[in-house]
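Here the structure comes first, spelled out in structure tokens, and everything after it is commentary.
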Amino acid sequence: DAGVIQSPRHEVTEMGQEVTLRCKPISGHDYLFWYRQTMMRGLELLIYFNNNVPIDDSGMPEDRFSAKMPNASFSTLKIQPSEPRDSAVYFCASSFDRTGVDGYTFGSGTRLTVV
Amino acid sequence: ILNVEQSPQSLHVQEGDSTNFTCSFPSSNFYALHWYRWETAKSPEALFVMTLNGDEKKKGRISATLNTKEGYSYLYIKGSQPEDSATYLCAHSGSARQLTFGSGTQLTVLP
């Protein structure tokens, strides 16, 4: 397995534009997590899915953020409209279960810069 | 302790030195404790997952212990090498089962 695949690796966009981040989890992993990493707050959970269903989105900062998982092999995190304070590294992770009995497997992250 | 706390925040050691750092977590609400190694420009990589009080895990020169009663875990690195330089993250899961990450200990091993 190629691991968790995220795209793009880097994204630079202008304030107000829509940004879509993509994630392909490991096949067979039932849980998918979106994290955001910033200097101030470290790694914070935004939302997670179980069997493609959003379970907890309490970490999503505001209505500008939305996430979907249309099938077991694909998820998106969308920011519309984007703002400079959204600049961060966004990680996707997947696991067999919510606790990650073997640990979570993280993607390489998407570094988002909003100018 | 309400959150996951790690100390020290950063650490510089000489090649060959042994070192350790601490992760503190809520002892009243525990399911599992994870340690991850996170190299710059890469993604966090799972080192250990521990669930039982007194658990000890080892992988090469790196080991970890767990005390769920008092809410702490130690990560030890024996004979540090420059390639051990990374941020070491711990993460706790409680009754809600999802992971809460600490802010990490940034280790630099000087040759």
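Below, chains carry the letters A, B, ... as their sequence lines are ordered, and counting in each starts from 1.
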Chain B contact via A/Tyr31 - which portion, at a heavy-atom distance below 4.5 Å: neither
Student check: side-chain heavy atoms of B/Phe101 and A/Tyr35 closer than 4.5 Å: yes
Nearest heavy-atom neighbours spanning B/Ser43 and A/Phe106: OG-O, 3.5 Å
Linking I/L/V/M/F/W/Y whenever their side-chain heavy atoms sit closer than 4.5 Å, directly or via other members, would A/Phe91 and A/Leu21 fall into one cluster? no
Is it possible for you to say whether A/Phe33 and B/Trp38 belong to one hydrophobic cluster, with membership spreading through side-chain heavy-atom contacts below 4.5 Å? yes
Hphob cluster co-occupancy, B/Leu11 + B/Ile77, side-chain heavy atoms under 4.5 angstrom: yes
Quick check on the hydrophobic clustering: are B/Tyr76 and B/Trp35 connected, directly or via other members, by side-chain heavy-atom contacts under 4.5 Å? no
Name the region of A/Glu44, side chain, backbone, both or neither, that has any atom closer than 4.5 Å to a heavy atom of chain B. neither
I'd like to know if the side chain of B/Tyr36 and the backbone of A/Gly103 have a donor-acceptor N/O pair within less than 3.5 Å. no
Interface moiety of B/Ala41 toward chain A, non-hydrogen atoms closer than 4.5 Å: backbone
With rounding to the nearest 0.5 angstrom, report the CE to OG distance, A/Met39 to B/Ser103. 10.5 Å
Region of B/Leu47 in contact with chain A, defined by heavy-atom distances below 4.5 Å: neither
Pick one of side chain, backbone, both or neither for A/Leu43, based on which atoms fall under 4.5 Å of a heavy atom in chain B. both
Identify whether A/Tyr90 and A/Met69 are in the same connected component of the hydrophobic contact network (ILVMFWY, side-chain heavy atoms under 4.5 Å). yes
